[in-house]
Q: 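Here it is, the structure in full.
So that the names make sense, note that chain A is the first sequence line, chain B the second, and so on, each numbered from 1.
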Amino acid sequence: MKGTYDKAFENVIRLKVMSILMVNEQYDFNSFKELLEVTDGNLASHLRNLENQAYIRVEKSFVGRKPMTSYMATHEGKKAFQAHLAFLENLINENK
Amino acid sequence: MKDPKQDLAEIKSMMERSSRFLSLSGMSGVLAGFYALIGATMAYYWLYFPNPPFGDGQFSHLGGGILTNLILTGLVVLSLSIVTAWILSEKKSKRTSNQLWTPAGKRFIQSLFFPVTIGGLFCFALLHQGFSIFIPSTMLIFYGLGLLNASHFTLNDIKYLGYGQAILGIIASFFPAYGLVIWALGFGVLHIIYGSMMYLKYDK
């Protein structure tokens, strides 16, 4: 069977985070929070989880005086996501 | 494991909502078109009335008063359109419970207004150098290119509006005598057609 089911994307928040980072070069913490409608703590723990697996990369910077934390997908993260996506698609095709 | 179809639907929805500004209201396009038509009618009265709305385009009687009126009218039409788009888009984003100011929204505004601002400055240069007959075509061309540029960050349909404006702009540059009429076609009629199509397709 093509594709690999990735446990990292079993959680729907992590799945959504990765989907966003596939089409945006970078995305910041507050925008994630607004779009996903999750609490700070919940989002931070999922982001840390993805970061620990080296699927995403963090960049901290300042906009004026406000700190901004941006995230981007790593090469491995993108590959893992594509494999996961292929798995899901295959699963659907087989069950047709 | 959950339903893979649901997962795929989530992925698709997140990709769209995070990268495209989806709250742009169709009705605001219709209203912008009406403002433009009213503005163009006023310009017609100042420039050509009681003759038909085209001429040699040299505006021989373009006194300082008329020029100020034209510029003011243009600015009022522009501001009214922006304010209308803002208010109606805010309403739409509340109704669809999307955020209005996403990173995609900011990119949409930037990619539209950079070409439009450059075009606006270029129009002032044309006016200053005595090439005012090319102002309607320049406005249409730069606005059309701005829309094409911005179409990557909103519903893709807007690119057809962009093609329409840019093509009308090129036509107007070859027939500057018809500049005002073609301007009204682009900023007025095309906006109304596009706005009502978007309204029927997405907002109803």
Q: Do any of residues 102-111 of chain B have a heavy atom less than 4.5 Å from a heavy atom of chain A, and if so, which, in residue order?
A: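 B/P103, B/R107 fall under the 4.5 Å cut-off.
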Q: Which residues in residues 42-54 of chain A have any heavy atom lying under 4.5 Å from a heavy atom of chain B?
A: none
Q: Are more than 12 heavy atoms from other residues, nucleotides or ligands located less than 6.0 Å from atom CZ of A/F29?
A: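 Above 12, so yes.
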Q: Provide the full list of ring pair (Phe, Tyr, Trp, His ring centres under 6.0 Å) pairs with a residue in residues 155-177 of chain B, sequence neighbours left out, each pair given once.
A: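 Passing the test, one end in residues 155-177 of chain B: no pairs.
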Q: Can you measure from CE (A/M22) to CD1 (B/I11) and round to the nearest 0.5 angstrom?
A: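 A/M22 CE to B/I11 CD1: 9.5 Å, rounded to 0.5 Å.
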Q: Could you tell me which portion of A/L36 (side chain, backbone, both or neither) has an atom closer than 4.5 angstrom to a non-hydrogen atom of chain B?
A: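 The side chain, not the backbone.
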Q: Before giving the answer on side chain to side chain contact (heavy atoms under 4.5 Å, CB included), spell out for A/L35 and B/M14 the whole-Å C-alpha distance, their side-chain angles and the decisive distance to 0.1 Å.
A: CA-CA 9 Å; A/L35 189 56; B/M14 273 303 129; 4.2 Å; yes
Q: With chain B, which of A/I92, A/D28, A/N30 has the greatest number of heavy-atom pairs at distances under 4.5 Å?
A: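 Among A/I92, A/D28, A/N30, the one with the most close pairs to chain B is A/I92.
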Q: When only heavy atoms count and the cut-off is under 4.5 Å, which of residues 15-36 of chain B reach chain A?
A: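 So the qualifying residues are B/M15, B/R17, B/S18, B/S19.
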Q: Side chain, backbone, both or neither: which part of A/Y27 has a heavy atom under 4.5 Å from chain B?
A: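 Contact with chain B is through the side chain of A/Y27 alone.
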Q: Please check if the number of heavy atoms outside A/E34 that lie under 6.0 Å from its CD is greater than 12.
A: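 Counting neighbours around CD of A/E34, more than 12 heavy atoms of other residues, nucleotides or ligands fall under 6.0 Å, so yes.
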Q: For B/Y44, is the OH atom crowded, meaning more than 12 foreign heavy atoms sit under 6.0 Å from it?
A: yes
Q: Please report the interatomic distance CD(A/E10) to CG(B/D7), rounded to the nearest 0.5 Å.
A: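 So the gap between those two atoms works out to 9.5 Å.
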